[in-house]
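Structure record follows, encoded as structure tokens.
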Amino acid sequence: MQYRRVGNAGMKVSAIALGGWINYGEGKVASDTAREVVTAAYDQGINFYDLADVYGNGGAEEQMGAILKEFPRHTLVISTKVFWPMSEDVNDRGLSRKHIMESIERSLRRLGTEYVDLYFCHRPDPDTPILETARAMDDLVHRGKVLYWGTSEWSGEQIREAHDLCQRYGLYPPQVEQPQYSMLRRERFEGEILPAAESLGMGLVVFSPLGMGMLTGKYDDGIPQDSRFSREEWAARRYVNDENVARVRKLKPIAESLGISRAQLALAWTLRLPAVSSAIIGATRPSQIHDNAAAADVTLTPEVIEAIEGILTE
């Protein structure tokens with residue numbers, strides 16, 4: 001496994017991370033299978049585990065937290081997030097000081113840990129001043145409940161504003177941004193988020209690097225029963241179209257020429273950028289962990305990257 005710094009921070013995360021979005025929590029991956037998946041990830045050298053309070057309405061934090069407690073805490077980088085509504089209460093949402101302070105306590109209890117390494121503002125909050133959010137996060141860092149804080153799906157302008165305010169008021173600035181990035185979702189990332197993060201010394205930990213499975217080739221010939229896209233129709237609508245199917249099929253010869261899977265090719269392509277600290281995968285089987293983790297050791301030559309670019313832009 002390869003490990004990368006989170007921007008200018010001293011902490012390092014595995015180039016491949018395991019996330020809890022969609023797959024974990026009540027009614028998702030069975031507890032025994034979840035344990036096998038998380039254990040396989042740890043055995044492959046994955047140290048970064050990404051969660052959020054809203055995943056499974058707290059269930060993902062509980063399920064994965066119970067498994068992670070079996071490993072030495074100092075060997076883990078655990079992240080969670082705050083923003084989305086957790087109940088019908090008017091204040092149980094957003095990035096107000098009240099919601100942040102109450103949410104971190106609930107997340108820590110569910111995770112069974114005294115601190116999280118990374119705490120993300122899951123989306124920008126139009127109803128709360130960024131300064132209020134930054135001050136709350138700064139307080140959590142000083143209290144030792146959060147080691148670094150970050151943003152997720154914030155605009156470049158919002159990220160810069162947060163840094164400017166933190167510099168002006170002597171607060172810990174956001175150290176990491178978590179955006180979506182893959183071969184099939186790249187324009188906003190490369191045009192806006194990447195330049196902002198690089199200029200501010202922030203790390204980038206990207207989600208959906210496999211296009212929710214589209215880039216694995218699983219959907220070359222339609223949507224199989226019991227696949228993610230058969231269960232999550234909204235995801236299928238986002239990714240399954242003639243253009244994407246054609247692109248993914250054309251990537252197959254490139255992957256085969258390198259002796260790797262298309263999933264490994266897609267992950268290695270995402271990790272080609274030094275500013276990307278980690279690519280967050282989802283997995284429901286240990287075999288997926290083994291395949292995806294190997295991508296951290298794949299280096300794509302300029303010629304291969306050029307060939308991929310030709311397919312993605314034609």
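Position 1 is the first residue of the sequence, and the numbers go up from there. Atoms considered below: every heavy atom in the structure, side chains included; atoms not considered: hydrogens, waters and symmetry mates. For clarity, every value in this text was computed on a predicted model and none was experimentally measured.
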Identify all side-chain donor-acceptor contacts of residues 298-308 below 3.5 Å with residues at least two apart in sequence or on another chain.
unit_1	atom_1	unit_2	atom_2	d
Thr301	OG1	Glu303	OE1	3.4
Thr301	OG1	Val304	N	3.2

Enter the distance from [X]:[atom1] to [Y]:[atom2] here, rounded to the nearest 0.5 Å.
{"X": "Leu18", "Y": "Tyr42", "atom1": "CG", "atom2": "OH", "value": "14.0 Å"}
{"X": "Ser87", "Y": "Asn57", "atom1": "OG", "atom2": "CG", "value": "8.5 Å"}
{"X": "Asn292", "Y": "Ser261", "atom1": "CG", "atom2": "OG", "value": "7.0 Å"}
{"X": "Asp53", "Y": "His122", "atom1": "CG", "atom2": "NE2", "value": "8.0 Å"}
{"X": "Gln264", "Y": "Leu215", "atom1": "CD", "atom2": "CG", "value": "13.5 Å"}
{"X": "Met64", "Y": "Thr80", "atom1": "CE", "atom2": "OG1", "value": "10.5 Å"}

With no hydrogens and no angle check, do the side chains of Lys81 and Tyr55 hold a donor and an acceptor under 3.5 Å apart? yes

Strictly by modelled atom types, are Gln178 and Asp50 linked by a side-chain donor-acceptor pair under 3.5 Å?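 Indeed, the side chains of Gln178 and Asp50 share at least one donor-acceptor pair under 3.5 Å.
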
Positive for side chain to side chain donor-acceptor pair (under 3.5 Å) with Thr151, one of Glu177, Gln175, Arg123: Glu177

How far apart are the closest heavy atoms of [X] and [Y], and which atoms are they?
{"X": "Pro173", "Y": "Cys166", "result": "CA-SG, 3.6 Å"}
{"X": "Met137", "Y": "Ile100", "result": "CE-CD1, 4.3 Å"}
{"X": "Thr133", "Y": "Leu95", "result": "OG1-O, 2.9 Å"}
{"X": "Ala15", "Y": "Leu271", "result": "O-CD2, 3.6 Å"}
{"X": "Gly20", "Y": "Leu51", "result": "CA-CD2, 3.9 Å"}

Side chains of [X] and [Y], heavy atoms from C-beta outward: is any pair under 4.5 Å?
{"X": "Arg109", "Y": "Arg106", "value": "yes"}
{"X": "Met86", "Y": "Val54", "value": "yes"}
{"X": "Val206", "Y": "Pro179", "value": "yes"}
{"X": "Arg4", "Y": "Ser278", "value": "no"}
{"X": "Leu131", "Y": "Leu171", "value": "yes"}
{"X": "Leu140", "Y": "Trp149", "value": "no"}
{"X": "Gln44", "Y": "Ile16", "value": "no"}
{"X": "Arg5", "Y": "Ser277", "value": "no"}

Holding to ring-ring contact (aromatic ring centres under 6.0 Å, His included), I want the full list of residues that pass it with Trp269, two or more places apart in sequence or in another chain.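 Testing Trp269 for ring-ring contact (aromatic ring centres under 6.0 Å, His included), a comparison that skips the adjacent residues, returns Tyr181.
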
Apply the hydrophobic cluster definition, ILVMFWY joined by side-chain contacts under 4.5 Å directly or through others, and give me every member besides Val176. Val6, Met11, Val13, Phe48, Val77, Tyr115, Leu118, Phe120, Leu147, Tyr148, Val205, Ile280

How would you list, by chain and number, every residue that makes a salt bridge (Lys or Arg N to Asp or Glu O under 4.0 Å) with Glu157, sequence neighbours excluded?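 Residues passing salt bridge (Lys or Arg N to Asp or Glu O under 4.0 Å) with Glu157: none at all.
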
Could I get the full list of salt bridge (Lys or Arg N to Asp or Glu O under 4.0 Å) partners for Arg110, not counting sequence neighbours?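 With neighbours one apart ignored, the set is Glu61.
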
Please confirm whether the backbone N or O of [Y] pairs with a side-chain atom of [X], one donor and one acceptor, at under 3.5 Å?
{"X": "Gln288", "Y": "Ala283", "result": "no"}
{"X": "Arg160", "Y": "His163", "result": "no"}
{"X": "Glu36", "Y": "Pro286", "result": "no"}
{"X": "His99", "Y": "Gly94", "result": "yes"}

Give a yes or no on this: more than 12 heavy atoms of other residues, nucleotides or ligands lie within 6.0 Å of atom [atom1] of [X].
{"X": "Tyr172", "atom1": "OH", "value": "no"}
{"X": "Glu105", "atom1": "CD", "value": "yes"}
{"X": "Gln167", "atom1": "CD", "value": "no"}

Name the one of Asp125, Leu165, Asp164 that satisfies side-chain contact (heavy atoms from CB on, under 4.5 Å) with Ile130? Leu165

Audit row: Arg185, Glu153, salt bridge (Lys or Arg N to Asp or Glu O under 4.0 Å) steps and yes/no: CA-CA 13 Å; Arg185 290 284 188 280; Glu153 290 285 85; over 6 Å; no

Of all residues at least two apart in sequence or in a different chain, which pass the side-chain hydrogen bond (donor to acceptor under 3.5 Å, both in side chains) check with Ser14?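 For Ser14, the residues satisfying side-chain hydrogen bond (donor to acceptor under 3.5 Å, both in side chains) (neighbours in sequence not counted) are Asn47.
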
Set out, in order, the CA-CA distance, both residues' side-chain angles and the distance that settles salt bridge (Lys or Arg N to Asp or Glu O under 4.0 Å) for Asp291 and Arg262, then state yes or no. CA-CA 10 Å; Asp291 182 83; Arg262 273 180 282 179; over 6 Å; no

